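What you see is a predicted model, and the numbers here were worked out from it, not measured in a lab.
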Amino acid sequence: MNRPLRTLRRGLMLSAAAGLLIGWAPNPSSETLEPRVDPSAWPAVPDAGLVDAAVEARITALMARMSLEEKVGQTIQADIASIQPEDLRRYPLGSVLAGGNSGPGGDDRAPREAWLALAQAFYEVSMEARPGHTPIPVIFGVDAVHGHNNVFGATIFPHNIGLGAARDPDLIRRIGEATGRELAATGVDWTFAPTVAVARDDRWGRAYESYSEEPEVVAAYARAVVEGLQGPEGGDDGLQPGRTVSSVKHYLADGGTQDGRDQGDTRLSEAELIRIHNAGYPPAIAAGALTVMASFSSWNGEKVTGHEGLLTEALKNRMGFDGFVVSDWNAHAQVAGCTNDSCAQAFNAGIDMFMAPDTWRGLYDTTLAQARSGEISMARLDDAVRRILRVKFKAGLFDNPAPVDRVGAGDYSVLGSPDHRALAREAVRASLVLLKNDDALLPLRPGARVLVAGDGADDIGKQSGGWTISWQGTGNTNADFPNGQSIWGGIADTVRAGGGQAVLSTDGTFADRPDVAIVVFGEDPYAEFQGDRPTLDFAPEGPLAVLRRLKGAGIPVVSVFLSGRPLWVNPEINASDAFVAAWLPGSEGGGIADVLFRAPDGSVAHDFTGKLSFSWPRLANQYRLNASDPDYTPLFAFGFGRTYADRTNLAPLSEEPGVAAAAATSEVYYAAGRVPEPWALTLRDASGTAPVATGASPSGALTVRAADATAQESGRLLSWNGSGEASFVVSGAIVDLSRQATGDMAVALRLRVDTAPTGPVILSAGCGTDCRGGVDIAALLTAAAGPEFRTLQIKLSCLRDAGADLIRTEEPVVLTNSGRLSMVVEDIRLVSNTGSAICPA
Ligand code: BGC
Ligand code: BGC
């Protein structure tokens, strides 16, 4: 079934090339911007001393003993969700990672002992003495991007955007050191941090991973964070025990993409590329950063992961980076001419290690064949292997004992230790930016009667944001933070100690009139492209009515706004007497009460010191609003931040957002009996196409009618009678689902199978009838048959791998069948794969 569809796809490519497709042509640009590098335009960086004669001699001796298979193996990294330690015997890979959704044993809340045991298990196989094997320690990486955030019980620090507001490199260094200690306890060698993105468009879903929209702030932090994680370079020969290998990411210009689109294209001259987006790399390289992660994104239309000028000429040759470059999560598949299983282009361009989470097997086989055939030269392979081994030597992996015997390993008391929590709390205080404080409402008296409201008040998951326990950071409860404190928890402690009364009431209702209300609200957690926004208008999600009701009752209102970026909140600011931008503070919510309240003796305990590292918009369409712009009209400028000494009130703000209400999410196709805009459902067979409302496909092979499911008529009963092939089709817009596929999203179908299928049932996606990729879900439907509703999740990447062109998907979900089948469908949407999504065999 798949093969003819795959061949047909080529037809579409031709028509696309002939310009027959509308709606996705790249924007014409007046200036021609080429992705071409002139190395002399890039800064030369002081040598960090990573190349040292004694170590290089050891590497040379080791490489002389390695087989070609072992060399290729070093260049490939697998995710722990898709590899077992024993697999290293057959595939001698150089590295494993635990991605955002990959905990030991598939458990995001695995005990910390399980992390160390897993690190030990991979290490042991990599070091086994057996014939034909050169023992080389595997290197284990995670995204410890705001503390050791994948691990249950770890200290969760504020996300980078909040740290940017602190303007304190020494604080950043101390956080790096603390994070390193927590990593060492669990046997993890390597973190994919820091992110030195300079986020220029605040719609980007990763803006919170950026310290600032301005290169100077990022540059000032880059050295401090690398030194904090790795230890200061020089003096000692390599990393101190208990320190962590860093990965500076995402090289280059991840934060500059058009429309703030994650994994998109940064269109910029080379001079601006260097001035803005390269700012963090020279200081990080000079500090001895051992790895750099290449960006998913493109520069002037060319994917960085395949860009030799950027990776080899600029980064390695000119800036003198002597560590290794790792690619991002299956990013190689997005390079022109590459697939998940094959990408000599990226390797030849300068990628030294492929992050091939679930594709490592095929990629290993192909890369080995390419090294044999000469498509990858021996010189390039040896260079990559030498760089990887250099990092492993520098990290002490050859000289240190096994993970369980290393300094700090198994000392779990550092995870969420009082010291680390105090440091995180200090960072929270330093990150808060006071935007409004009419009539000097703040600081509050701890002896007051305080009402605490808003859905962010008592939710440590919400205050921590994405990359917290799970990838998206969703679905966490306070019980998932045994060492954390909510914002409400901190306020309650402070007010109790000050002799006042604090009451938590999420919806803001009260029995006893309070002296003041604190309302905590903001964005729900998200990560990467799932956080890309169409506009900066926050309003639809906000508790504006609660703020207005309290203010209308004459109760002074303090708003504490949790967000991964500045958003347009003029109505909320108007409805508040004081307004605090708190970003994503992490597990130490107590830092907020520290600043909002006076000490019990009436003195100011902690004044606000945070200054905006991102400009705050006046209108919801000021997507790209950066201090160095020519027409710069922010509401609150870069660097703004009040202190308690500022006594001026804020004049009322315009409540005109400047944009139409944001469109509904386009990833829900059918829910609660409705088909959301812009989607439509049709029935198609050999005789033509008919809208679902007509009840039958033109030849009658497929009929549909409303059916009761969880709610009355919330489902559609689809019946195929076996008289010929017919499809149930979702269409209505052309959408790019390629990022969703790379990001492991899945098509989720909630259904009840009344009559099991009598033949193949193809779930596909594609462009019209010409390009399509599908998988047979008949076995899944048969297994699901029965009186219960079930949810099937099929990975989007399976459809892509079967030939669907997801870059311009016209039909995101199509069910095709020629046999008999009857089932009630209740919900069709794209979801994050939280573990149950599959590719049917
Ligand atoms: C992200 C990286 C991250 C990697 C491993 C990717 O999707 O872009 O920032 O380091 O996954 O989890
Ligand atoms: C992983 C993340 C990764 C993302 C790719 C997720 O499934 O858990 O680590 O960054 O996919 O975008």
Side-chain angles (χ1 to χ4, degrees), residues 432 434-460 462-463 478 485-522 538-539 541-563 569-582 585 589-608 642 644 646-653 655:
L432 304 175
L434 180 60
L435 299 179
K436 177 179 183 177
N437 191 20
D438 277 10
D439 303 325
L441 173 60
L442 298 176
L444 303 171
R445 285 182 303 110
R449 292 180 347 157
V450 183
L451 178 76
V452 181
D455 67 353
D458 192 26
D459 186 342
I460 307 177
K462 179 157 175 151
Q463 76 197 29
N478 287 354
Q485 187 178 41
S486 73
I487 295 170
W488 151 251
I491 295 172
D493 282 359
T494 303
V495 171
R496 198 175 308 118
Q501 281 171 15
V503 175
L504 176 67
S505 159
T506 306
D507 66 1
T509 54
F510 54 84
D512 295 327
R513 186 184 171 83
D515 299 324
V516 63
I518 301 174
V519 186
V520 188
F521 61 96
F538 172 72
E541 301 153 52
L544 189 55
V546 175
L547 300 176
R548 286 185 174 152
R549 184 167 17 93
L550 290 165
K551 198 159 157 72
I555 297 165
V557 176
V558 179
S559 280
V560 174
F561 185 53
L562 301 171
S563 71
V569 281
N570 284 10
E572 286 81 1
I573 295 176
N574 282 341
S576 312
D577 298 279
F579 197 96
V580 177
I592 291 172
D594 289 348
V595 183
L596 296 189
F597 288 88
R598 293 179 183 275
D601 69 2
S603 64
V604 171
H606 298 280
D607 200 346
F608 281 88
R642 292 172 182 260
Y644 285 140
D646 295 325
R647 292 296 171 128
T648 49
N649 285 0
L650 184 68
L653 305 172
E655 298 201 357

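Side-chain contact between Asn570 and Phe538 is absent, with no heavy-atom pair separated by less than 4.5 Å. Within the 4.5 Å cutoff, no side-chain heavy atoms of Ser505 are placed close to those of Phe510. By the 4.5 Å heavy-atom criterion applied to side chains, Asp455 and Pro543 are not counted as neighbours. Using a 4.5 Å heavy-atom cutoff, the side chains of Val560 and Leu596 are in contact. Contact of the Phe561 side chain with the Ser563 side chain is registered, since non-hydrogen atoms from C-beta on lie closer than 4.5 Å. Between Val495 and Phe597 the shortest side-chain heavy-atom distance falls below 4.5 Å.
Proximity of a side-chain donor or acceptor of Asn574 to a complementary backbone N or O of Leu653 within less than 3.5 Å is detected. Side-chain N or O atoms of Arg449 include one that pairs as donor or acceptor with a backbone N or O of Arg513 at under 3.5 Å. With hydrogens and angles ignored, the 3.5 Å screen pairs no side-chain donor or acceptor of Asp594 with any backbone N or O of His606. A distance-only check finds a donor-acceptor pair linking the side chain of Asp438 to the backbone of Leu650 [under 3.5 Å]. Using modelled atom types, no side-chain atom of Arg445 and backbone atom of Gly500 make a donor-acceptor pair closer than 3.5 Å. Formation of a donor-acceptor pair under 3.5 Å by the Ser603 side chain with backbone atoms of Ala599 is not found in this model.
Remark: the Asp493 side chain and the Gln485 side chain contain an N/O donor-acceptor pair separated by less than 3.5 Å.
Here CD1 of Ile487 is found 10.0 Å from CD1 of Ile518. Values are rounded to the nearest 0.5 Å. Rounding to the nearest 0.5 angstrom, the gap separating the CZ atom in Arg598 from the OG1 atom in Thr494 is 14.5 Å. Separating the CD atom in Gln463 from the CG atom in Asp458 is a distance of 8.5 Å, to the nearest 0.5 Å.
A pairwise comparison of heavy atoms in Leu562 and Ala582 identifies CD2-CB, 4.2 Å as the closest pair. Closest approach of Val546 to Asp507, counting heavy atoms only: CG2-O, 3.8 Å. Residues Ala457 and Leu504 come closest through the heavy atom pair CB-CD1, 3.9 Å. Closest heavy-atom contact between Asp577 and Pro556: OD2-CA, 3.4 Å. Pairing each heavy atom of Ala502 with each of Ala492, the nearest pair is CB-CA, 4.2 Å. When all heavy atoms of Ala575 and Arg548 are compared, the closest pair comes out as CB-CG, 4.0 Å.
The aromatic rings of Phe521 and Phe579 stand perpendicular to each other, their planes meeting at an angle above 60°, with 30° marking the opposite boundary.
Applying side chain to side chain contact (heavy atoms under 4.5 Å, CB included) to Val580 and the options Leu435, Leu442, Asn437, Ile592 leaves one that passes, Leu442.
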